[in-house]
2 protein chains.
Amino acid sequence: MTSIREAQRGARRQGPGGEFSARRQATRERLMDAAVELFAERGVLAASVEEICERAGFTRGAFYSNFDSKDELCLDVLRRKGEQHLVALQQVVESMPGAGSGLSRAQVIRDAVGLFLQAQPKERTELIAMMELRLHALRTPELREGWLAVHANLCASIAGQLQMALDRVGGRIGMPMPQVIELLGAMYENTVSMSLLNGEDAPTGLTAQLVALLDGLIHD
Amino acid sequence: MTSIREAQRGARRQGPGGEFSARRQATRERLMDAAVELFAERGVLAASVEEICERAGFTRGAFYSNFDSKDELCLDVLRRKGEQHLVALQQVVESMPGAGSGLSRAQVIRDAVGLFLQAQPKERTELIAMMELRLHALRTPELREGWLAVHANLCASIAGQLQMALDRVGGRIGMPMPQVIELLGAMYENTVSMSLLNGEDAPTGLTAQLVALLDGLIHD
DNA sequence: CGTCTTCGATACAGTCGCGTATCCGATGCA
DNA sequence: TGCATCGGATACGCGACTGTATCGAAGACG
């Protein structure tokens with residue numbers, strides 16, 4: 001059914017290897033950026049294709065020439081996010097100083113948390129958008145895998161940082177690492193959304209809370 | 001503007017003290033129940049008024065006779081939830097055995113967590129709906145206060161349980177109590193949604209995780 | 001320099017949901 | 001039993017969004 005048309009569109013928009021032309025890639029990025037903003041502002045479902053295009057400076061024609069549907073765009077947004085996390089992981093690993101710096105445990109932890117927060121998308125926008133996307137993925141089976149992949153990347157990234165910090169500090173955590181990371185992520189999300197609900201401009205003592213939690217979990 | 005009409009409607013649907021007739025209250029409940037289900041299934045924004053009414057066995061006429069808008073219904077859903085939490089708190093306090101039962105700390109904690117989970121709305125439906133409502137409240141200032149009130153009630157409820165458990169056990173927690181509760185709530189949410197994303201029927205080891213976390217936080 | 005392709009804009013038809021105005025049966029009250 | 005009010009159903013017009021089919025300009029290529 002309509003396989004000919006679809007094949008034509010697919011062939012037209014994407015080279016045999018899956019690459020896009022530079023121009024095409026640029027419009028895709030702009031559309032995805034606009035989508036993330038609107039997802040955060042209005043939610044995935046309430047962000048109309050029309051509005052996304054308008055914000056990106058295109059019309060719906062451009063959208064449907066690049067994506068089959070909004071869900072398909074969501075999937076690509078998630079994929080891109082996953083790649084960004086991988087890159088962030090590498091940067092963080094590089095920027096982390098080697099062992100033997102003689103810093104106190106608290107300081108090392110604080111540094112690691114700072115690095116994590118810095119590596120995170122700075123704007124809350126992205127966090128809210130991801131929360132929206134997760135909820136959307138909860139009801140949209142096609143998106144689940146994409147979300148889980150992003151999540152896995154992020155976890156790996158944090159695990160790397162945290163392990164390095166622990167190595168430098170010589171401490172141990174009783175709880176299994178994956179669980180610790182889930183915990184940190186959940187707390188991060190929770191703190192940011194609570195601060196938003198309370199009408200604060202910036203999360204109150206986010207770093208302090210994360211540090212306190214880690215401090216409570218690490219033993220010698 | 002239209003103040004006369006609004007006043008009429010207000011007067012018609014609600015007695016001077018704010019009470020509703022039994023019949024009216026019943027349809028309101030049915031509409032709210034249907035709304036919560038649909039919020040969990042499709043999200044707040046995608047749950048159309050039409051669909052809510054259909055599921056509740058009414059038409060839109062009934063809806064607009066009872067609520068001014070979907071947001072107004074959300075607010076009432078939140079209010080109801082807040083009251084339910086208060087009731088749950090009382091029940092929990094009553095059902096909790098007195099001190100001096102000679103149980104181990106782990107067992108007491110496990111009991112407290114069990115009580116908490118039992119007092120929680122059993123279906124994940126309600127949790128997801130609340131997550132949707134929170135995200136919706138994030139963008140809808142009129143709803144923020146309502147959501148925060150529910151949250152405060154829930155926290156108070158948990159704080160009560162937890163404090164009782166701690167008293168029985170003689171333990172202490174280094175982290176401030178409100179923060180601990182946020183943490184537990186965040187972990188609860190996170191675990192449930194991860195299990196749903198992974199396609200599991202029931203959250204894997206929810207109790208165990210909560211217990212482990214508490215165990216890690218409690219000192220003598 | 002002309003042709004061909006690519007990519008986004010435009011135009012269109014169709015669907016869905018909203019909120020209001022109005023109506024009618026049921027229920028309560030004298 | 002008759003009347004008034006209440007509560008939900010019905011009917012209507014409206015606006016927004018969708019996805020597709022088609023068009024035209026900018027850029028690639030020989």
Side-chain angles (χ1 to χ4, degrees), chain A residues 1-16 18-32 34-35 38-39 41-74 140, chain B residues 1-16 18-32 34-35 38-39 41-74 140:
Chain A
M1 30 308 233
T2 68
S3 61
I4 296 175
R5 279 198 44 75
E6 283 177 10
Q8 284 178 339
R9 289 170 71 190
R12 194 171 70 197
R13 70 167 67 151
Q14 204 167 344
E19 343 73 53
F20 298 103
S21 74
R23 180 185 175 191
R24 207 166 180 73
Q25 185 59 34
T27 73
R28 288 172 64 87
E29 298 281 348
R30 276 168 61 192
L31 284 168
M32 287 192 269
L38 279 163
F39 289 168
E41 287 176 22
R42 310 201 197 292
V44 175
L45 284 154
S48 70
V49 172
E50 182 114 31
E51 220 169 358
I52 294 172
C53 297
E54 191 183 354
R55 179 158 312 191
F58 294 104
T59 63
R60 285 208 326 287
F63 185 95
Y64 287 107
S65 166
N66 277 282
F67 304 98
D68 285 335
S69 66
K70 193 161 69 176
D71 276 347
E72 210 62 39
L73 169 130
C74 286
T140 312
Chain B
M1 30 310 232
T2 68
S3 61
I4 295 175
R5 280 200 42 76
E6 283 177 11
Q8 285 177 339
R9 288 170 71 188
R12 193 171 72 196
R13 70 166 66 151
Q14 203 167 343
E19 343 75 51
F20 297 103
S21 74
R23 180 185 176 190
R24 208 167 181 74
Q25 186 58 35
T27 72
R28 288 172 65 87
E29 298 281 349
R30 277 169 61 193
L31 283 169
M32 287 192 271
L38 280 163
F39 289 169
E41 287 176 23
R42 310 201 197 294
V44 174
L45 284 153
S48 70
V49 172
E50 182 113 32
E51 221 169 357
I52 293 172
C53 296
E54 191 184 353
R55 179 160 310 192
F58 293 104
T59 63
R60 286 211 319 290
F63 185 95
Y64 287 106
S65 165
N66 277 282
F67 304 98
D68 284 336
S69 66
K70 194 161 70 176
D71 276 348
E72 210 61 39
L73 169 130
C74 287
T140 312

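Model, not experiment: these values are computed from the prediction. Lettering of chains follows the sequences in order, A, B, ..., and the numbering in each one begins at 1.
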Which pair of heavy atoms, one from [X] and one from [Y], lies closest together, and at what distance?
X: A/Ala56; Y: A/Leu31; value: CB-CD2, 3.8 Å
X: B/Leu38; Y: B/Arg55; value: CD2-NH2, 3.6 Å
X: B/Leu73; Y: B/Phe67; value: CD1-CE1, 3.6 Å
X: A/Val44; Y: A/Phe39; value: CA-CD2, 3.6 Å

Spacing of [X] atom [atom1] relative to [N] atom [atom2], expressed in whole Å:
X: B/Asp68; N: C/dC18; atom1: CG; atom2: P; result: 15 Å
X: A/Asp71; N: D/dT18; atom1: CG; atom2: P; result: 12 Å
X: B/Gln25; N: D/dG8; atom1: CD; atom2: C1'; result: 16 Å
X: B/Phe58; N: D/dA9; atom1: CZ; atom2: P; result: 6 Å
X: A/Leu73; N: D/dT18; atom1: CG; atom2: P; result: 12 Å
X: B/Phe20; N: D/dG7; atom1: CZ; atom2: P; result: 10 Å
X: B/Glu54; N: C/dC16; atom1: CD; atom2: C1'; result: 13 Å
X: A/Lys70; N: D/dT18; atom1: NZ; atom2: P; result: 6 Å

Given [options], identify the nucleotide with an atom nearest to the side chain of [X].
X: B/Ser65; options: D/dG8, C/dA9, C/dC18; result: D/dG8
X: A/Tyr64; options: D/dG7, C/dC18, D/dG19; result: D/dG19
X: A/Ala62; options: D/dG8, D/dC17, C/dG8; result: C/dG8

Side-chain N or O of [X] less than 4.0 angstrom from OP1 or OP2 on [N]?
X: B/Asn66; N: D/dG7; value: no
X: B/Arg24; N: D/dG8; value: yes
X: B/Thr27; N: D/dG8; value: yes

Residues, nucleotides or ligands: over 12 heavy atoms within 6.0 Å of A/Gln25 CD: yes
When we call it a touch if two heavy atoms are under 4.0 Å apart, what does B/Thr59 touch: a base, just sugar-phosphate, or nothing? base
Quick check on DNA chain C: between B/Arg23 and B/Ser69, whose nearest nucleotide comes earlier from the 5' end? B/Ser69
Where each residue is assigned the nucleotide of DNA chain D containing its nearest heavy atom, which of A/Gly61 and A/Glu51 is assigned the position nearer the 5′ end? A/Glu51
Here's a test of your reading of the structure: between A/Glu50 and B/Arg60, which maps to the more 5' nucleotide of DNA chain D?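 Its nucleotide being nearer the 5' end, the pick is B/Arg60.
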